[in-house]
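Position 1 is the first residue of the sequence; numbering continues from there. What's counted below: heavy atoms across the whole structure, side chains too, no hydrogens, waters or symmetry copies.
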Amino acid sequence: MASSNVCWGIEMGYGAIKALKVENDGGTLKVVDFAVINHPRVLSTPELDQNDAMRVALGTLVSKHDLTNARVAISIPGHASFARFATLPPVEPKKVPDIVKFEAVQQIPFPLEEVEWDYQTFVSPDSPDIEVGIFAVTRQKIAEQLAMLNDVGLTPELATLSPVAAYNSLAVDLGFTEETPGTIILDIGTVATDMIIAEAGRVWVRSFPIGGHQFTEALVSAFKLSYSKAEKLKRESDQSKHARHVFQAMRPVFSDIVGEIQRSIGFYQSVHADADLKRLIGLGSTFRLPGLRKYLKQQLQLDVYRMEQFKKLNMEGPRAGEFQAASVNMATAYGCVNQVFDRAPLRANLMPVAVLKEAMWKRKVPYFAVGAGLAAAAAGAMFIRPLIDSTAFQGAERPPVIRNVINDANSLATAARDAQVTTDASGSMQAAGIVDLVDNRALYASILSDTSNLISMVDESAQALIDSDSPIGRQLGDADPFKLISLETEFLDSPAAENNNQFGGGRGGFNDTNSNQPSQFQQSIGNLRRVKVTAQFDVPLPTSTLGGFRDDIVMPILDNKLPPLQPNYAIQYDPASFWVADESAGGRTNTTRGGGAKAPVRDPRTQTTSRGGGTDSSDLKGLAPFNFPEQETPAQTARVTMTWYAVLDLNAASEGDE
């Protein structure tokens, strides 16, 4: 299984594969192994199959070094990926992802479904603006690299951009902060150069197509050499007696690099007028070319340094000196390792989600094997132990107390049978029905929404009566016309679940049937699964006026005024018993009130409400727990109980209505 504290960082470069194995020992990183595997010919060599050459180098890495039981992180060349930067307006943090996605569509020159992308924001305490870096690679490119790694049995868990990894290595090793002097990191590769600007806590990246290949081509043209011999001359130029001539031949390429750097600095400073760049740090073997550092310093007027060794990463043992010499080429691999160990300030990961899941599964498979072995051992112990205990038990003599308990139990069982209390009880499916409601839990949010809309629309209609100076309006006065006192629900799955009086039989007041026989309405829903909803409201009117309030305000809303939604359940009520009033509520204080949400539609023929299942979670904030400041109601207040049913069996309900 892959160790969580050991990681291989791998840079698949055009000149060589650079790999670094690091162990995280309590926060201190230690180099365990490293490798620089040069390609026989650089991959920019004309007519060379780059993929085959890369597979050969990866095979060499795997055969000569132990990559098992370690995490793996890789880098993607900057010239084969995209890094774009934009400034976002000041917005709430939750809105940033949506704005970044919009920017990604504008900045990435491919449809988003054809790329793997990630982003990171940069916030300065001195500015309200939010800067964002968007990093992307085409899925085809990442698939090619993963296929080559898969051929040698490697599945990485992280893939980041080479310039991002290069920045992470120096940011961690040199301790970059917002106070660090403005720094340019220049990583000159074989076919391209990555330029990273780190300044005032933000990062900016650009890659341009000038690298070691262009220097080699300059030597081929100047000295009429083959590409391979020119490449060898370039690598050994610092030891050659013709170093000055070699520099003169490569001088035009130096000028091209300086021109691209100056162009990049100019653009960056046009966006960040306060930018103050102080130094340049060079990475890569090309930075060993004689005269390059001096030329850059003269042309750019910056302090120019070359990465010679890391401050926070070292290797012990006989290869320590060899690792120090290779440090100039290990920055990208070091940055990959830092990101795996959660030490990197930039965290762009472009690994496809499917590959990440595969890598996680491979790491867990050994745990499953160990667990299976432990389970088998435990099962064996559980099988053998009962046999031993059974043998010992059968050979033992029963104590007298056991016989006494058995005799008492037999006597009690006989008495229970004689009393006829052991007959089978009829089963109830109510519990199963309640569990089934978990799948329809949005129903309760809709019930709250119905109640809220009823309150809201009754209030509006009542206010219209008050404004028109009608008799009921004058009696309502300034009081809230419809205050919710309580709301109760009860799940019912059969006729037996609700007796006749519970179907809405009267307790005195309007439309009180006072009958113990179920009505035609009660019989129509008696076999349907339903939720009984009982709501109590305080109405600041005497009982003599409630009939008009109900008929002029409540009933028109129930029958005609609620907007339609697609049906997912039905609300049904019995006009003869859904409204029951009690005048004894006079002088009560109302403390609850419903919020607003979408309301159902009523069918005047069947008094049926079709309601869409579920509400948006934001609607619930206005629906529960109905806790509002208390207000005293007028002395003449009646308490009205309204009863309706949310019926779940829609098909059966429709047939019953017909």
Side-chain angles (χ1 to χ4, degrees), residues 6-24 28-43 53-54 56-67 70 72-75 77-78 160 162-163 165-174 185-191 193-194 196 211-212 215 231-232 234-239 281-290 292-293 304-341:
V6 177
C7 177
W8 274 96
I10 302 175
E11 178 189 3
M12 300 163 62
Y14 272 55
I17 287 181
K18 282 84 73 175
L20 185 64
K21 185 178 183 180
V22 176
E23 179 182 7
N24 186 0
T28 301
L29 301 186
K30 298 180 180 179
V31 178
V32 179
D33 194 6
F34 74 96
V36 178
I37 301 175
N38 294 308
H39 301 297
R41 291 185 293 173
V42 295
L43 301 190
M54 186 67 74
V56 170
L58 286 172
T60 303
L61 173 66
V62 173
S63 63
K64 292 186 176 182
H65 299 269
D66 182 15
L67 276 77
V72 177
I74 65 171
S75 66
T160 190
S162 291
Y167 168 77
N168 283 334
S169 66
L170 294 190
V172 172
D173 199 71
L174 300 180
I185 302 171
L186 198 67
D187 187 0
I188 304 178
T190 302
V191 297
T193 295
D194 294 330
I196 307 104
F215 288 102
E231 180 69 23
K232 182 179 180 181
K234 182 187 71 174
R235 293 185 178 185
E236 298 174 354
S237 60
D238 57 338
Q239 303 171 2
I281 300 176
L283 304 174
S285 297
T286 305
F287 238 85
R288 290 197 173 108
L289 291 176
L292 177 58
R293 291 171 58 187
V304 179
Y305 305 91
R306 184 176 68 195
M307 189 67 186
E308 300 291 352
Q309 66 180 31
F310 298 114
K311 298 181 180 298
K312 298 181 180 179
L313 185 71
N314 55 67
M315 185 177 189
E316 300 177 354
R319 299 187 66 194
E322 185 182 353
F323 172 72
Q324 180 176 337
S327 295
V328 70
N329 290 316
M330 287 294 171
T332 301
Y334 181 25
C336 292
V337 170
N338 276 318
Q339 189 170 342
V340 167
F341 290 145

> What residues form a side-chain hydrogen bond (donor to acceptor under 3.5 Å, both in side chains) with Asn338, not counting sequence neighbours?
Replying inline: Arg343
> Does atom CD of Glu316 have more than 12 heavy-atom neighbours from other groups under 6.0 Å away?
Replying inline: no
>> Rounded to the nearest 0.5 Å, what separates atom CG in Asn168 from atom CG in Asp173?
In response: 12.0 Å
>> Just to verify, what does Asp194 make a side-chain hydrogen bond (donor to acceptor under 3.5 Å, both in side chains) with, not counting sequence neighbours?
In response: Ser207
> What distance do Glu11 atom CD and Ile74 atom CD1 have between them, rounded to the nearest 0.5 Å?
Replying inline: 11.5 Å
> Passes side-chain contact (heavy atoms from CB on, under 4.5 Å), Ile188 versus Leu292? Steps please.
Replying inline: CA-CA 11 Å; Ile188 304 178; Leu292 177 58; 4.0 Å; yes
>> Strictly distance-based, threshold 3.5 Å: is any side-chain N or O of His39 a donor or acceptor partner for the main-chain N or O of Gly13?
In response: yes
>> I need the Arg41 CZ to Glu231 CD distance, nearest 0.5 Å.
In response: 11.5 Å
>> To check you understand the geometry: which heavy-atom pair defines the closest contact between Tyr334 and Val172, and what is its length?
In response: OH-CG1, 4.3 Å
> Tell me, do Leu170 and Ile196 make a side-chain contact under 4.5 Å, heavy atoms counted?
Replying inline: no
> If you look at every heavy atom in Lys234 and Gly212, which pair is closest and at what distance?
Replying inline: NZ-O, 3.0 Å
>> Quick check: closest heavy atoms across Ala16 and Val36, and the distance to 0.1 Å?
In response: CB-CG1, 4.3 Å
>> Please evaluate residues Thr60 and Ile17 with respect to the criterion side-chain contact (heavy atoms from CB on, under 4.5 Å), reporting the C-alpha separation (whole Å), side-chain torsions for both, the decisive distance (0.1 Å), and the verdict.
In response: CA-CA 10 Å; Thr60 303; Ile17 287 181; over 6 Å; no
> Under 4.5 Å between any side-chain heavy atoms of Asp187 and Pro163, yes or no?
Replying inline: no
> Measuring from Gln324:CD to Met315:CE, what's the distance to the nearest 0.5 Å?
Replying inline: 12.5 Å
> Given Ile10 and Val72, is the side-chain contact (heavy atoms from CB on, under 4.5 Å) satisfied, shown in steps?
Replying inline: CA-CA 8 Å; Ile10 302 175; Val72 177; 4.0 Å; yes
> Is any side-chain heavy atom of Leu67 closer than 4.5 Å to a side-chain heavy atom of Lys21?
Replying inline: no
>> When you compare the side chain of Met330 with that of Met307, does any pair of heavy atoms fall below 4.5 Å?
In response: no
>> Quick check for you: to the nearest 0.5 Å, what is the distance between Leu29 atom CG and Leu313 atom CG?
In response: 6.0 Å
>> Under a 3.5 Å distance rule, please check whether Asn329 uses its side chain to pair with a backbone N or O of Ser285 as donor and acceptor.
In response: yes
> Does a sphere of radius 6.0 Å around NZ in Lys312 hold more than 12 heavy atoms from other residues, nucleotides or ligands, not counting ones at 6.0 Å or beyond?
Replying inline: yes
>> Test of understanding: with ring-ring contact (aromatic ring centres under 6.0 Å, His included), list the residues that count as partners of Tyr14, not counting sequence neighbours.
In response: His79
> For the residue pair Ala73 and Val340, what are the closest heavy atoms and their distance?
Replying inline: CB-CG2, 3.5 Å
> Can you tell me how far NZ of Lys18 sits from CZ of Phe34, rounded to the nearest 0.5 angstrom?
Replying inline: 13.5 Å
> What are the two closest non-hydrogen atoms of Arg319 and Asp33, and how far apart are they?
Replying inline: NH1-OD1, 2.9 Å
>> Side chains of Val328 and Arg306, heavy atoms from C-beta outward: is any pair under 4.5 Å?
In response: yes
> Relative to the ring of Phe310, is the ring of Phe323 parallel (under 30°), tilted (30 to 60°) or perpendicular (over 60°)?
Replying inline: tilted
> Where is the tightest heavy-atom contact between Val337 and Gly9, given as atom of each residue plus distance?
Replying inline: CG2-N, 3.6 Å
